[in-house]
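Have a look at the structure below, then the notes.
So that the names make sense, note that chain A is the first sequence line, chain B the second, and so on, each numbered from 1.
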Protein chains: 2
Amino acid sequence: MLSKRQKDILKIIVEHYIKLVRPVSSNNICKLLNCSSATIRNEMVTLENLGFIEKMHTSSGRVPSEKGYRYYVDYLMEPKAMTGEDMLKLQTIFHNQSLPVNDVIAKSMTIISELTNYTAIVLGSSAQENRLQQVEIVPLDKEAVIAIVITDKGHVEHKRIEVPNVSLDEVKKTVELINNLVVGTPISKVSSKLEFEIKPIISKYVKQHEILYQAFYQAFNDFSHKNSMQLSGKVNFLKQPEFDNVDKIRDIITKLEDDELVRSVKAEDSDIKVYIGSENEFDEDVTIIKTKYTIDDESGTIAIIGPKRMEYNRVVSLLEYLKENIKR
Amino acid sequence: MLSKRQKDILKIIVEHYIKLVRPVSSNNICKLLNCSSATIRNEMVTLENLGFIEKMHTSSGRVPSEKGYRYYVDYLMEPKAMTGEDMLKLQTIFHNQSLPVNDVIAKSMTIISELTNYTAIVLGSSAQENRLQQVEIVPLDKEAVIAIVITDKGHVEHKRIEVPNVSLDEVKKTVELINNLVVGTPISKVSSKLEFEIKPIISKYVKQHEILYQAFYQAFNDFSHKNSMQLSGKVNFLKQPEFDNVDKIRDIITKLEDDELVRSVKAEDSDIKVYIGSENEFDEDVTIIKTKYTIDDESGTIAIIGPKRMEYNRVVSLLEYLKENIKR
DNA sequence: AATTAGCAATTGTTTTAAGCGAGTGCTAGG
DNA sequence: CCTAGCACTCGCTTAAAACAATTGCTAATT
């Protein structure tokens, strides 16, 4: 258990380091706590032994360790009131009534990324829970049609289907069947329904049922795997002073280009959670703050990713503010 | 007019520098041309006075200037036969019959970017010249419908339209009108046709014509401005030894993130053209090799962007090979 | 007239040394 | 328990020196 003064010191070290990216010396602190630098030094030895702070070399100031950041976030950080400026910028988006909610979120995160100089991730509401609203077919020419799938939430997916030697009537028949029997089914369950309820029927009525079945199966499959993803401020990492060597930059940028990896930051929890350094799977030199949001049946992830010395309270406030406004 | 030997020397300098990214010394060259280094030095002075090569400082080897690269590309470069490996990798894409041509191009460029370690750009076939095939409306709930626009080439665009207090019948009526009167029109001309032919009619028959007209106008407008764009291997720049300082990297990556700027590399010419350094608008430290491709009525741009010391002949061969295969 | 050998001169790079400054740890005294 | 004082450590800056690469020029050679 840390003493009051130890907590104060740790708090000062973390915040000082976050602001100035320079190791914090005992002298820096004693001014704020009016006691001598030697006293601070003694306490710092204790804090170091407990693993909350670190030295770069024998005679450097102290830097927060991962454990130090963790403690700061869990126990020391004070919620930061939103600044008027931050609020104003976001308000302009919220008040634009004509935008769909998804776009509001995406735009807001872009703003937040610009405001903070961190990178923002929006992992789209998976359409998995959407229900099938309608299937449409538009003939293109003798050999191809466009199949269009619409969900009840307004997601649209389309796929060109090559139908050599299949009569338009047969295609229409199939579409009709799907519209009669599968509408209202959640996208995630359409595949199996297609297989067990539609396939047996079309195989009776439709000559080239196999090719048609395959095509639609494909189309639905594509749909349910397609999740939107937005990344804003990828380059912001280059602005952070701790990312000053080309190798590290290459490393991070490469990771940010890796869709699969980015998708894996998906949030499971609707609280705002902080993952510092090795606590996240993405990269041990970054912190990820993320949360799950939900609108009606859809849910997605919003996340901020930046250096470990992130302005934690500011980012948390911003995300909280955004989440609160999503609700309305 | 350069002498045979001067051309040889310039060629060697360019190719040597492309390969090793190090200034080329007279000694490097004299081995290949069996004459003494002093002779080479004399020739190099001439080449430098003519502006084909440069020194970094009084006693460094020579580096090709922009003019040098230009001369090399125009007169000295020998076409490089495709290596078996390069060919093989691309063949696997070409032979995948089930892919639409657009995807083949996109995938091939990704391969080329991996093969060469440069960045590949595919600027999608503008849908401007497509003709309207059909407009579909799918009602979602009382207040919104999804409008879907399909072109004769199979491009699909959709937009959610909020229609408070508009009866479904009126929407359907409008759609019917569009389908009857506008189908077959090139997308680029739909807007004006909508304004002068449809608007007068619906304003008679449809109560809330203004909101409907606006919605469709918007949808078509979005469509015609939307061009697909693919960028592969953005990070490859980080691998190039000449991009070794953080500022330059930030610069380039920021530019590659700028959609508008990337779009502006659009090729006007169906020849393969090389734009070295300040010859392109993108960045004076890069070379862009680009060409326009055409499939049926659609056309787009494929481009490779990399350092000025690009493997010109290899890239040109690869693009040529790809273009040739697009034709089939 | 063209080529070449030889050499001084230039410049960047690496190495070494010295000095500075920021900061710590420890000791001894308040 | 706190603090003043001081020796010590270590990174950073600067200066000087030694090195390596390469050129330009001159004079000799072919």
Ranking D:dC10, C:dG25, C:dG12 by distance to the side chain of A:Thr58, first place goes to D:dC10
Measure distances between side-chain N and O atoms of B:Ser36 and base N and O atoms of C:dT4, and say whether any donor-acceptor pair falls under 3.5 Å. no
Applying a 4.0 Å non-hydrogen cut-off, can you work out what B:Asn27 is touching in the nucleic acid: base, sugar-phosphate, or nothing?
nothing
Which part of the nucleic acid, if any, lies within contact of A:Ser26, taking any heavy atom under 4.0 Å across all strands shown: a base, the sugar-phosphate backbone alone, or nothing? sugar-phosphate
- Message: Does either side chain, that of B:Ser232 or that of B:Gln230, offer a donor lying less than 3.5 Å from an acceptor on the other one?
- Response: yes
Out of C:dG12, D:dT3, D:dC10, minimum distance to the side chain of B:His57 belongs to C:dG12
(request) Mind checking B:Thr39 for me? I need base, sugar-phosphate or nothing, with any heavy atom below 4.0 Å counting as a touch. (result) base
From CG of B:Asn42 across to C1' of C:dG6 the rounded distance in Å is 14 Å
Looking at the base of D:dG5, is there any donor atom on it, or on the side chain of A:Arg41, that sits under 3.5 Å from an acceptor on the other one?
yes
B:Ser59 has its side chain closest, among C:dT10, D:dT23, C:dA5, to C:dT10
Rounded to whole Å, CG of A:Asn34 lies from C1' of D:dC2 at a distance of 13 Å
Between CG of B:Asn28 and P of D:dA20 the distance, given in whole Å, is 18 Å
Requested in this report: Look at atom NZ of A:Lys266 and say whether more than 12 heavy atoms of other residues, nucleotides or ligands are closer to it than 6.0 Å.
Outcome: no
### Task
Would you indicate what A:Arg5 reaches in the nucleic acid, counting non-hydrogen atoms under 4.0 angstrom: base, sugar-phosphate, or nothing?
sugar-phosphate
- Kindly indicate whether the side chain of A:Val262, heavy atoms from C-beta on, has any atom under 4.5 Å from the side chain of A:Leu231. yes
Here the distance between atom P of C:dA2 and atom NZ of B:Lys4, to the nearest Å, is 18 Å
Taken to the nearest whole Å, NE2/A:His16 to C1'/C:dA22 is 13 Å
note: B:Leu47, atom CG; D:dG24, atom P; distance rounded to Å ~ 12 Å
Discussion item. Is there, by distance only and without an angle test, a donor paired with an acceptor across the side chain of B:Arg62 and the base of D:dG24 below 3.5 Å?
Written reply: no
| Is A:Lys55 near enough to C:dG25 that one of its side-chain N or O atoms lies under 4.0 angstrom from OP1 or OP2? | yes
*asked:* Assess whether a salt bridge exists between B:Lys292 and B:Glu268, defined as any Lys/Arg side-chain N lying under 4.0 Å from an Asp/Glu carboxylate O.
replied: no
For A:Met44, answer base if it contacts any base atom (sugar-phosphate contacts may also be present), sugar-phosphate if it contacts only those atoms, and nothing otherwise; contact means non-hydrogen atoms under 4.0 Å. sugar-phosphate
From CD of A:Gln6 across to P of D:dC1 the rounded distance in Å is 12 Å
Whole-Å distance, B:Tyr17 OH to D:dT22 P, equals 14 Å
Practice problem: Ignoring hydrogens and angles, state whether a donor on the side chain of A:Lys239 or A:Asn236 is under 3.5 Å from an acceptor on the partner side chain. | Solution: yes
